[in-house]
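Presented below is the structure to which this report refers.
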Amino acid sequence: MKPDFSESTYAFSLVNEMNRMYSFNLAPIFPSLYEEGKTGGYDTEVSIHGVPFFFQFKLSNFLSRFNAKNYKVFNSSYYQFHLHARKKSKQHDLLLHLENSGNPVFYVAPRFYKHNDLNVNFRNSNMVSESIWITAKEIGALPDDDPHSVCFNEDNTLVYLFSEPRQINSKFSSLNNISDDLNGFNAYLDYFKMSSSYEKYHKDTWEGLFNQMVYIINKHSGNSSLSKENINNYVDDINSMKSKCAFLSRLFFGAEMLILNT
């Protein structure tokens, strides 16, 4: 069964909760003139205060019939979200490279598909706990250019990458306990900061992050050869370097950039 709400509705509801309860701020792509003119505002901010996280929001199909393709793997109903096939989009490669460059990157999908469940979870501030969280690195490099999907059972105890089933063993695939521990994201960040990629490549300025993202885009652009000059054409009318990063994240990586206030 397909979800009866849109990806944008899910993303809005989830981001709203993350902003209210988990110290995340969404970087605006086009800051207001008032904000740009403030001392310490967008145009004068150089250092990154907090840590940018990158989230690609997905919708989950619910498969409950015995003849569903992967039913025997779970011996129960399960959820599924699709990854872009590499032959059509390098999006997963970009996200994986971004995470390997010292930035937290997550795929996030709901563990529900009915609009009424979305409303209930939104009212009860359960959007975060009722979603699955899987890093790009946990999925890893895709084995070929064909379509692939991530499937998981209802309590997140089994998570697989298909078409050939490969189990995903995630240290942080579920935030079910985060409603009891509001420091769950900070706990993940402490774990992530111990990685060699964070120590080597994480950037502390918006210009550094922007240049890193441009490098990654160019690296995976293939024949299109998106140079820094070409990419700058997309962001000429954006004065804030933070907002330029948010724009690149949405346009090229298909992800929303949220800053965790640490």
Side-chain angles (χ1 to χ4, degrees), residues 5-59 84 89-99 101-109 127-128 131 133 136 185 202-221 224 226-262:
F5 49 85
S6 69
E7 186 178 295
S8 59
T9 299
Y10 169 68
F12 172 82
S13 302
L14 184 61
V15 169
N16 183 284
E17 182 175 311
M18 293 169 73
N19 180 262
R20 285 186 293 107
M21 299 184 63
Y22 302 99
S23 299
F24 276 100
N25 289 324
L26 180 65
I29 287 180
F30 294 103
S32 69
L33 292 175
Y34 170 74
E35 291 291 342
E36 286 188 348
K38 289 198 314 184
T39 301
Y42 295 105
D43 58 340
T44 59
E45 186 175 277
V46 177
S47 297
I48 298 176
H49 301 292
V51 176
F53 277 61
F54 297 86
F55 299 101
Q56 182 166 114
F57 301 113
K58 294 287 191 178
L59 290 182
H84 290 286
S89 171
K90 299 290 183 65
Q91 196 172 84
H92 180 73
D93 292 343
L94 288 163
L95 291 170
L96 183 59
H97 196 159
L98 187 63
E99 183 174 358
S101 298
N103 304 285
V105 177
F106 281 92
Y107 286 93
V108 190
M127 293 295 299
V128 167
S131 297
W133 305 73
F185 285 106
H202 184 77
K203 305 301 180 184
D204 294 321
T205 67
W206 290 112
E207 183 176 11
L209 178 59
F210 177 80
N211 290 333
Q212 184 183 67
M213 295 173 76
V214 169
Y215 171 81
I216 294 171
I217 294 165
N218 177 256
K219 191 76 173 177
H220 297 276
S221 63
S224 61
L226 285 167
S227 66
K228 183 175 181 180
E229 291 72 23
N230 292 334
I231 294 173
N232 273 326
N233 291 333
Y234 288 95
V235 294
D236 273 346
D237 54 347
I238 303 176
N239 295 326
S240 159
M241 192 60 73
K242 179 200 293 185
S243 297
K244 287 182 179 183
C245 292
F247 185 83
L248 293 187
S249 177
R250 186 178 296 177
L251 180 63
F252 291 100
F253 295 83
E256 291 291 343
M257 186 183 80
L258 280 74
I259 300 98
L260 178 64
N261 296 317
T262 54

Q: Indicate the atoms forming the closest heavy-atom contact of Ala109 with Tyr10, along with that distance.
A: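 Closest heavy-atom pair between Ala109 and Tyr10: C-OH, 3.3 Å.
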
Q | Minimum heavy-atom distance Ala136-Leu96, with the two atoms named | A |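 Reported closest heavy-atom pair: O-CD1, 3.6 Å.
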
Taking the side chain as every heavy atom from C-beta outward, state whether [X] and [Y] have any atom pair closer than 4.5 Å.
X	Y	answer
Trp206	Pro52	yes
Lys219	Asp93	no
Leu26	Asn19	no
Gln56	Val108	no
Lys244	Met213	no

To the nearest 0.5 Å, what is the distance between [atom1] on [X] and [atom2] on [Y]?
X	Y	atom1	atom2	answer
Ile216	Ser221	CD1	OG	12.5 Å
Ile29	Lys242	CD1	NZ	13.0 Å
Ile231	Leu251	CD1	CG	9.5 Å
Ser13	Phe57	OG	CZ	10.5 Å
Leu209	Met257	CG	CE	6.5 Å
Cys245	Ile48	SG	CD1	6.5 Å

(Q) Run the ring pair (Phe, Tyr, Trp, His ring centres under 6.0 Å) test against Phe24 and tell me which residues pass, sequence neighbours left out. (A)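 With sequence neighbours excluded, Phe24 shows a ring pair (Phe, Tyr, Trp, His ring centres under 6.0 Å) to Phe53, Phe55, Phe185, given in chain and number order.
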
Q: Output all residues satisfying ring pair (Phe, Tyr, Trp, His ring centres under 6.0 Å) with His84, sequence neighbours left out; order by chain, then residue number.
A: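 With neighbours one apart ignored, the set is empty.
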
Q: Tell me yes or no: between the side chains of Tyr107 and His92, is some donor less than 3.5 Å from an acceptor?
A: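 Checked: Tyr107/His92 side chains pair up, N/O donor to acceptor below 3.5 Å.
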
Q) More than 12 heavy atoms of other residues, nucleotides or ligands under 6.0 Å from CD of Glu207: is that the case? A)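 Atom CD in Glu207 is not crowded, with 12 or fewer foreign heavy atoms closer than 6.0 Å.
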
Does [Y] offer a backbone N or O that forms a donor-acceptor pair with the side chain of [X] under 3.5 Å?
X	Y	result
Gln212	Lys203	no
Glu17	Val128	yes
Ser249	Ala255	yes
Ser23	Leu260	no

Q: Kindly state each residue pair satisfying ring pair (Phe, Tyr, Trp, His ring centres under 6.0 Å) with at least one member in residues 240-262, sequence neighbours excluded.
A: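 Sorted pair list: Tyr234-Phe252.
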
